[in-house]
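Whatever order the structure lists them in is the order used to number ligands and atoms, beginning at 1. When a residue number appears, it is its place in the shown sequence, counting from 1. Please read these numbers as outputs of a predicted model, since none were measured by experiment.
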Amino acid sequence: MKKIIVAIDGYSSCGKSTMAKVLAKTVGYIYVDTGAMYRVATLYAMRNNMIQEVEGQKKVDEPALNQAIEKGEIQVSFQLDPQTNLPLACLNGEVVENEIRTLEVSNNVSFVSALPFVREFLTQQQKNMGKKKGIVMDGRDIGTAVFPKAELKIFLTASPEVRAQRRFDELVAKGDKDVKFEEVLKNVQERDYIDTHREIAPLRQADDAIVIDNSNLTKDEQNELLLQYFKQAVEK
Ligand code: DC
């Protein structure tokens with residue numbers, strides 16, 4: 001059967017990765033979470049004190065981060081979890097899957113991912129990953145910048161409140177007792193703003209993308225819908 005590239009873009013905490021993982025597993029494709037790659041780069045910057053707050057504004061030490069990338073000091077990769085068979089994000093070979101999902105990283109990642117040299121570095125890796133097709137990749141610019149020729153493009157959306165509630169439930173389930181819904185909602189809204197307003201590869205729907213609003217869909221319903229679109233795209 002013909003192999004294709006599936007690009008899934010959309011706002012933060014829309015359930016893109018949940019949907020992408022299920023499809024990849026069902027059809028035997030590789031799954032790549034590009035948000036995790038931007039989070040890994042952000043974690044590196046945080047660990048190396050490259051993000052400071054100056055007068056209430058986040059400031060990234062761009063020359064230092066750029067130099068670290070150029071020197072090859074930031075290796076972003078994935079390792080398969082032997083139990084779940086799902087990819088775990090790694091920074092220089094260390095599994096950092098839990099570390100990159102904290103609210104601290106979420107609060108910094110939009111600033112790091114807006115930097116042109118960071119995008120260039122990670123976009124190139126993403127393009128290489130798709131050379132053989134048979135891939136489901138999710139992010140913000142997959143259908144527009146990484147794979148503008150992807151055979152199937154999905155733009156996933158849901159209301160900010162629905163997305164904040166899902167993220168909040170996830171953090172609580174992970175044992176975060178101090179998390180406040182208002183804070184999570186604020187983070188979702190801030191990221192939406194930054195992701196859609198940045199100069200390079202802003203989040204936007206590709207002209208040929210199929211829009212799915214999953215505010216009122218169950219996971220099963222959205223997975224079924226995606227599988228139908230996938231089958232149509234493969235048969236084209
Ligand atoms: O999908 P996520 O919430 O884990 O993504 C984290 C951040 O990374 C998000 O705020 C925007 C950025 N991102 C991006 O700029 N481009 C991508 N392809 C994926 C994520």
Side-chain angles (χ1 to χ4, degrees), residues 5-21 31-46 51 58 60 65 74 76 78 86-91 96-130 135-148 150 153-158 160 162-171 174 183-206 209 214:
I5 291 180
V6 182
I8 304 184
D9 290 304
Y11 293 99
S12 62
S13 305
C14 255
K16 293 185 298 291
S17 17
T18 311
M19 180 189 225
K21 273 181 213 161
Y31 163 62
V32 179
D33 171 358
T34 61
M37 298 173 75
Y38 286 97
R39 286 171 181 271
V40 170
T42 304
L43 182 69
Y44 176 91
M46 286 166 69
I51 305 178
K58 293 270 162 113
V60 184
L65 186 57
I74 313 180
V76 182
F78 291 97
L86 285 170
L88 301 172
C90 301
L91 169 59
V96 288
E97 192 56 43
N98 290 334
E99 289 83 344
I100 61 166
R101 307 288 168 194
T102 60
L103 202 51
E104 289 75 35
V105 172
S106 297
N107 282 333
N108 287 324
V109 64
S110 285
F111 301 99
V112 173
S113 61
L115 300 173
F117 59 86
V118 173
R119 301 207 70 81
E120 204 175 301
F121 168 57
L122 294 177
T123 302
Q124 197 49 49
Q125 291 190 17
Q126 292 153 9
K127 286 187 173 166
N128 289 340
M129 290 170 173
I135 195 164
V136 182
M137 191 174 274
D138 77 41
R140 303 293 189 288
D141 60 340
I142 313 306
T144 52
V146 182
F147 298 123
K153 296 181 188 176
I154 301 288
F155 190 84
L156 192 62
T157 175
V162 166
R163 290 184 280 130
Q165 187 65 50
R166 290 178 187 155
R167 187 85 194 102
F168 176 80
D169 293 344
E170 251 172 47
L171 290 166
K174 276 189 188 153
E183 267 178 33
V184 179
L185 179 60
K186 193 164 161 254
N187 174 260
V188 164
Q189 288 166 331
E190 272 173 11
R191 282 207 283 158
D192 283 0
Y193 184 85
I194 301 175
D195 290 349
T196 49
H197 287 79
R198 69 168 170 245
E199 237 166 78
I200 298 184
L203 168 64
R204 70 168 179 83
Q205 186 194 320
N214 70 5

**Report entry** Donor-acceptor contact present, side-chain R191 to main-chain S110, <3.5 Å
**Finding:** no

Query - Any N/O pair R140/ligand 1 closer than 3.5 Å - result: yes

Query raised in the report: Is the shortest distance from a Lys or Arg side-chain nitrogen in R101 or E97 to a carboxylate oxygen in the other one below 4.0 Å?
Result: yes

Report task. Do me a favour and list the nearest non-hydrogen protein atom to atom 4 (O) of ligand 1 with residue, atom name and distance? Result -> R39 NE, 2.7 Å

Query raised in the report: Distance-only, no hydrogens or angles: does the R39 side chain make a donor-acceptor pair with backbone N or O of V109 under 3.5 Å?
Result: no

Query raised in the report: Looking only at protein heavy atoms, which one is nearest to atom 19 (C) of ligand 1, and how far off is it?
Result: T34 OG1, 3.3 Å

Query - Residues K186, E183: salt bridge by 4.0 Å N-O rule - result: no

**Report entry** Geometric N/O contact S12 with ligand 1, under 3.5 angstrom
**Finding:** no

Requested in this report: State which residues pass side-chain hydrogen bond (donor to acceptor under 3.5 Å, both in side chains) with T157; sequence neighbours excluded, sorted by chain then number.
Outcome: none

**Report entry** Value rounded to 0.5 Å, distance of OG1 in T123 from CD1 in I200
**Finding:** 9.5 Å

Query raised in the report: Is the backbone of L203 close enough, under 3.5 Å, to the side chain of D195 for a donor and an acceptor to pair up by distance?
Result: no

Requested in this report: Please say whether D138 places an N or O atom under 3.5 Å from an N or O atom belonging to ligand 1.
Outcome: no

Query - Heavy atom of R119, distance to ligand 1 below 4.0 Å - result: yes

Query raised in the report: What is the closest protein heavy atom to atom 18 (N) of ligand 1, and at what distance does it sit?
Result: D141 OD1, 2.8 Å

Query raised in the report: Which heavy atom of the protein is the closest neighbour of atom 20 (C) of ligand 1, given with residue, atom name and distance?
Result: G35 CA, 3.6 Å

Report task. Identify the protein heavy atom lying closest to atom 3 (O) of ligand 1, giving its residue, its atom name and the separation to 0.1 Å. Result -> R191 NH1, 2.8 Å

Query raised in the report: So which heavy atom in the protein is nearest atom 12 (C) of ligand 1, and how far is it from that ligand atom?
Result: S113 OG, 3.5 Å

Report task. Could you tell me which atoms of ligand 1, counted from 1 in the order shown, lie closer than 4.0 angstrom to a heavy atom of D195? Result -> 9 (C), 10 (O), 11 (C)

Query raised in the report: Relative to the heavy atoms of S110, which atoms of ligand 1 are at a distance of less than 4.0 Å?
Result: 10 (O)

Query raised in the report: Is I194 touching ligand 1 with its side chain, its backbone, both, or neither, if touching means heavy atoms under 4.0 Å apart?
Result: neither

Query - With T144 via side chain to side chain contact (heavy atoms under 4.5 Å, CB included) - residues at least two apart - result: D141, R204, A206

Query raised in the report: If you measure every N/O of R198 against every N/O of ligand 1, is any gap under 3.5 Å?
Result: yes

Query - Backbone N/O of D138 and side chain of K16: donor-acceptor pair under 3.5 Å - result: no

